[in-house]
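See structure below.
Not measured: the values here are computed from a predicted model.
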Amino acid sequence: MKTTRVPVACQQAVMRSLRHFLQLAAQRLECTFDEPALLYQQRGTAAGTAWLEKWEIRLNPVLLQENLQAFTDEVVPHELAHLLVWKRFGRVAPHGKEWKWMMETVLGVPARRTHQFALNSVRTNTFTYRCSCQQHQLTVRRHNRVLRGESEYRCVRCGSLLQPGEFSSI
C-alpha cells in the first residue's frame, strides 16, 4: 500500500486544532482528557475515523491536504467528539444526541454527520447504481456486498432500493 506523506505544516495545523478543541472540552466539561494519537492512515472516501478503545483518530491524508481548513474546523472536532462521548457516556449511537450535544454545546461546531469533499482523488473503481430520482456511485466493497446478498442500499433522498445500472429518465 502506498502511503501519502503529510506535510509538516498540515500536521501542525491538525495538532493545533486538536489541542484547541481538547482545551475547550476540558473547560466546559471541567475535566481533562489525554491527547489522542493522530494517524494519517484513513483510506477510501472517509475523511476520518475515531478508534474508541485505542483513543486514536485516523485522518485521510489525501482529503486532508485538499481540504485543510475544513479538516481543522470540522473533521478534527467531529472525530474528537466521538472519543469524548465514549469517555463520558460509554457506547452510544455514533451520531446520536450525545454526539450532537458534544459537537454543538461543548465544542461549538455544527453537528454534521458527513463531509461534502470532492472525492475524485480518493475514489477508485465505482459502480453505477440508480434509484427513482438519481444515479449513485457505490464503492467496490459495497458493490461486492450487494452481489453476495449481504447488503442492500437505499437512497437517502427518495428511500428506494438502489439497483445496478445507469439512470434513465423517461
Side-chain angles (χ1 to χ4, degrees), residues 1-126 137-145 150-151 153-154 156:
M1 175 182 86
K2 182 183 164 215
T3 57
T4 302
R5 187 183 164 284
V6 178
V8 172
C10 290
Q11 293 181 39
Q12 290 171 334
V14 167
M15 188 55 73
R16 276 192 305 273
S17 173
L18 177 66
R19 289 179 175 155
H20 165 74
F21 287 109
L22 265 177
Q23 183 180 15
L24 262 179
Q27 289 170 350
R28 293 181 179 162
L29 298 174
E30 297 177 348
C31 62
T32 59
F33 300 95
D34 292 335
E35 202 171 87
L38 276 173
L39 299 170
Y40 300 93
Q41 298 176 340
Q42 182 66 49
R43 297 185 308 168
T45 58
T49 52
W51 291 73
L52 306 177
E53 292 85 3
K54 293 183 178 188
W55 197 249
E56 163 180 301
I57 294 173
R58 295 184 186 179
L59 299 174
N60 187 314
V62 176
L63 292 177
L64 166 65
Q65 291 176 73
E66 293 174 355
N67 307 279
L68 181 59
Q69 193 63 52
F71 262 73
T72 58
D73 294 346
E74 300 169 28
V75 177
V76 170
H78 176 115
E79 301 308 335
L80 178 61
H82 286 300
L83 296 177
L84 297 172
V85 164
W86 181 68
K87 279 285 193 207
R88 187 161 177 112
F89 301 103
R91 212 170 268 287
V92 296
H95 297 106
K97 63 183 179 190
E98 298 88 353
W99 177 82
K100 185 176 180 185
W101 172 80
M102 189 67 71
M103 284 291 288
E104 294 176 347
T105 305
V106 176
L107 301 180
V109 177
R112 284 192 277 278
R113 295 177 52 189
T114 58
H115 65 74
Q116 299 296 316
F117 303 140
L119 300 173
N120 297 342
S121 58
V122 292
R123 185 169 273 152
T124 53
N125 292 339
T126 60
Q137 297 300 315
L138 264 59
T139 62
V140 173
R141 178 176 288 169
R142 288 186 174 201
H143 172 68
N144 286 334
R145 285 180 180 158
E150 297 171 355
S151 295
Y153 299 96
R154 294 188 176 277
V156 295

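With sequence neighbours excluded, the residues forming a side-chain contact (heavy atoms from CB on, under 4.5 Å) with P7 are C10, Q65, listed by chain and number. Residues forming a side-chain contact (heavy atoms from CB on, under 4.5 Å) with R145 (at least two apart in sequence, or on another chain): R141, R148, E150, S151, Y153. Take A111 and apply the side-chain contact (heavy atoms from CB on, under 4.5 Å) test, not counting sequence neighbours, and it matches W99, K100, M103, E104.
Heavy-atom minimum distance, P61 versus V6: CB-CG2, 3.5 Å. V109 and F21 make their closest contact through CG2-CE2, 3.6 Å (heavy atoms, listed as atom of the first residue, atom of the second, distance). Minimum heavy-atom separation, T72 to A13: CG2-O, 3.6 Å.
For the pair T105 (side chain) and M102 (backbone), a donor-acceptor distance under 3.5 Å is absent. With hydrogens and angles disregarded, a donor-acceptor distance shorter than 3.5 Å links the side chain of N60 to the backbone of L63.
Residue pairs meeting the side chain to side chain donor-acceptor pair (under 3.5 Å) criterion with at least one member in residues 77-90, sequence neighbours excluded, are H78-H82, H78-H95, H82-H95. Residue pairs meeting the side chain to side chain donor-acceptor pair (under 3.5 Å) criterion with at least one member in residues 48-57, sequence neighbours excluded, are Q42-T49, T49-W51, E53-R91, E56-R58.
Residues L18 and M15 form a side-chain contact, since some pair of their non-hydrogen atoms from C-beta on lies under 4.5 Å apart. Proximity of V14 to Y40: side-chain heavy atoms (C-beta onward) are separated by under 4.5 Å at one or more points. For the pair I57/L39, no side-chain contact is recorded, criterion being any heavy-atom separation below 4.5 Å from C-beta on.
Rounded to the nearest 0.5 Å, atoms CG (L107) and CD (E74) are 13.0 Å apart. Note that CZ of R16 is 6.5 Å distant from CD of Q12, once rounded to the nearest 0.5 Å.
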Compile the donor-acceptor pairs under 3.5 Å between side chains in residues 25-38 and protein atoms, sequence neighbours left out, one pair per line.
| from | atom 1 | to | atom 2 | distance (Å) |
| --- | --- | --- | --- | --- |
| R28 | NH1 | V106 | O | 2.6 |
| E35 | OE1 | R19 | NH2 | 3.4 |
| E35 | OE2 | R19 | NE | 2.7 |

